[in-house]
Amino acid sequence: MRLSKYFLPTLKEFPKEAKEISHILLLKSGLIKPLMSGVYEYLPLGWRVIMNIQKIIREEMNRIGGQELLLPVLTNREIWDETKRWDDFGEEMFKFKDRNKRDICLAPTHEEVITDLARREIQSYRELPQLWYQIQTKFRDEPRPKGAVLRIRQFIMKDSYSLDRDFDGLAQSFDLHYNAYKRIFHRCGLDVIVVGASSGVMGGSESNEFMFLSESGEDTIVLCNRCDYAANLEVATTRLNPVQGESKEIEKVHTPVSGTVNAVSNLLGKPKELFIKSLLYIVEEKSVFVLMRGDHEVNEGKLASYLGFEFRAATPEEVKKLTGADIGYISPVGINNVDTYADSSLKVSTGMITGANKNEYHIKGVNIERDVKIKEYIDIITVKAGDPCPQCKSGTLKIKKAIELGHLFKLGTKYSKSMKCLFTDSDGIEKPIVMGSYGIGIERIMASVIDKFHDKDGIIWPVSIAPFFVHIIPIDLTNIKVRETSNQIYNTFVKEKFECLIDDRDERPGFKFKDAELIGIPIHIIVGERSLKEGVCEVKLRREEKKSKVSPEKVIAFVKELISKEEKRYEV
RNA sequence: CGGGGCGUAGCGCAGUCCGGUAGCGCGCUUGGUUCGGGACCAAGAAGUCGGAGGUUCAAAUCCUCUCGCCCCGACCA
């Protein structure tokens, strides 16, 4: 490709609103342009990268027996009503009416469409398993898009769906994806961490997320410093040892400070872990106490799995009405008609401090089993850095930011049951198909690669997804020898079907070097009068400083060798 | 949805407080010089000042409403 004819709007200046490095470089290097909030145009150079990522994904999906298809983006309301997801997705779906006033939505994902297809076409266990995938644009009306393509409202996803006759089959399909995903990310140059995660609106039993560690990430993951425990903060657990304070009997203490654990802890000179934090929630009009240690915060996502999705924190007025005290001075001690859930870490705790249900007073010496009627001990706290690992004996947990690149869901029969997607098994009994669903965010791979492979001058594409292999930089096109040599090299590459860019623009050298470094093609060939006098041109890897002097005749072979060496870095 | 910021030439911004009819840098066009790290000279084109309404002799500037974009939070397969 000749740069003089190529649409590559690189920027010298860019909006200061761009903060994440991937956002800055995507805009600066002319890979994408914004159209509206959370919607981007993918320009030729960026689209090449995306196509290369897709190519890797196709190869790996086909390798595990995936069959590519393409499902509609326009979908009718009825199928979403069958699984209640028309309402569950709510505002996140782009919804509208067609001219006949029928409800339509732009698909945010395709479980319903796949299940509908399968129930019409799959009748017998002989037709199972199936593994179908597509690379398709998805639409989600995110409340707040951000970081360029990290969270957008229209994005490209590889989504696959496995159909199996039983859960053993599902486990196999799941494993196939697990391994395919590892290969995909490795080939793209990314190291990923697999974490246990929440299934959210997708439902199902087990889910794994493939995470790329980055400060730009929106997800928070929890890792053990000793073993392989890794989980999304949404579901991460810990194993706190029960704590025992000194006092045995309940005793009221005057605490004339704001009722926060911090303030009271300072006042009394007692560590926060000896406090019981009492939160009041309203579930379907009923009050519910939720207790946890003073040194931890509640995890409302976990809470939802016990209380259901319809719950809210009680208002200050409701708190006062029930307990007679303000938030900060309350506890379930002495209040018997309210369901009380406690975090598992509170079990057998004694000598604890908590609110006295009277403003500016707390009580100490609380023995939770003796003094509070606990309906159930459950896991409801948000893990903190430094908490002990729930899996190994000696490890402690650390917390990192990450970008979610892929997600595997064991859906089980959630969709097949509600949509009656049944097959006849070999025993003659009609059973629901056992399903899995597996997604990869294509743009997020691109952003993550930039996040990992860049320097102060720009992007450094791994050769596996680079938009071109070679970038020829003729220093001075008015010099006939420079022009002829660079064109000759370029033509040979084209003939040999090597993706090659030549900067044949009438620009000065510095300008061309800057652009070349910005867009980050892996191999630069510099053709200038100075080196041609020595009978050579210069070949340089974008990721290295070192330049090699190679004669124009040998440059093709030299570069080919270099590319194949680079490719080895990303082979599986 | 809450909090904050911003919409002025293709891009990045100043001008708004204190009203007087729009400017800077980059880019673009033409001509010339230059050519190993985002060149220089000369000439030039280009703006409904996000939109609507109002106040005023006069509005980018003041008032009201509205649309959009970004950031923080809430939310998020």
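Because only heavy atoms are used, hydrogens play no part in the values below, and waters and symmetry mates are left out as well, while side chains stay in. Chain letters run A, B, ... following the sequence lines, proteins first and then strands; every chain starts at 1.
Residue contacts for Glu92(A): at a heavy-atom cut-off of 4.0 Å it reaches the sugar-phosphate backbone alone, with no base atom in range. As judged by a 4.0 angstrom heavy-atom cut-off over every strand, Leu477(A) is placed among residues making no nucleic acid contact. Within the 4.0 angstrom heavy-atom criterion, no nucleotide atom of any strand lies near Lys33(A). Among the heavy atoms of the strands, none lies under 4.0 Å from Asn479(A). Counting any heavy atom pair closer than 4.0 Å across all strands shown, Tyr438(A) reaches no nucleic acid atom.
OP1 or OP2 of C70(B) has at least one side-chain nitrogen or oxygen of Ser37(A) nearer than 4.0 Å. Listed pair Arg508(A) / A39(B) meets the phosphate criterion, a side-chain N or O lying under 4.0 Å from OP1 or OP2.
In this structure, Lys414(A) does not pair ionically with Glu111(A), as no charged nitrogen and carboxylate oxygen lie closer than 4.0 Å. The existence of a salt bridge linking Lys138(A) and Asp159(A) is confirmed by a sub-4.0 Å separation between a basic side-chain nitrogen and an acidic carboxylate oxygen. Contact check on Lys84(A) versus Asp88(A) returns no salt bridge, with no Lys/Arg side-chain nitrogen under 4.0 Å from an Asp/Glu carboxylate oxygen.
Taking the six-membered ring for Trp and thresholds of 30 and 60 degrees, Phe468(A) and Tyr6(A) have ring planes more than 60 degrees apart, a perpendicular arrangement.
Checked against C35(B), C11(B), C69(B), the side chain of Ile475(A) finds its nearest nucleotide in C35(B).
The distance between atom CZ of Arg151(A) and atom C1' of C72(B), rounded to the nearest whole Å, is 15 Å. Computed from coordinates, the Lys456(A) NZ to G37(B) C1' distance equals 11 Å when rounded to whole Å. Taking atom CD1 of residue Ile473(A) and atom C1' of nucleotide G36(B), one finds them 11 Å apart after rounding to whole Å.
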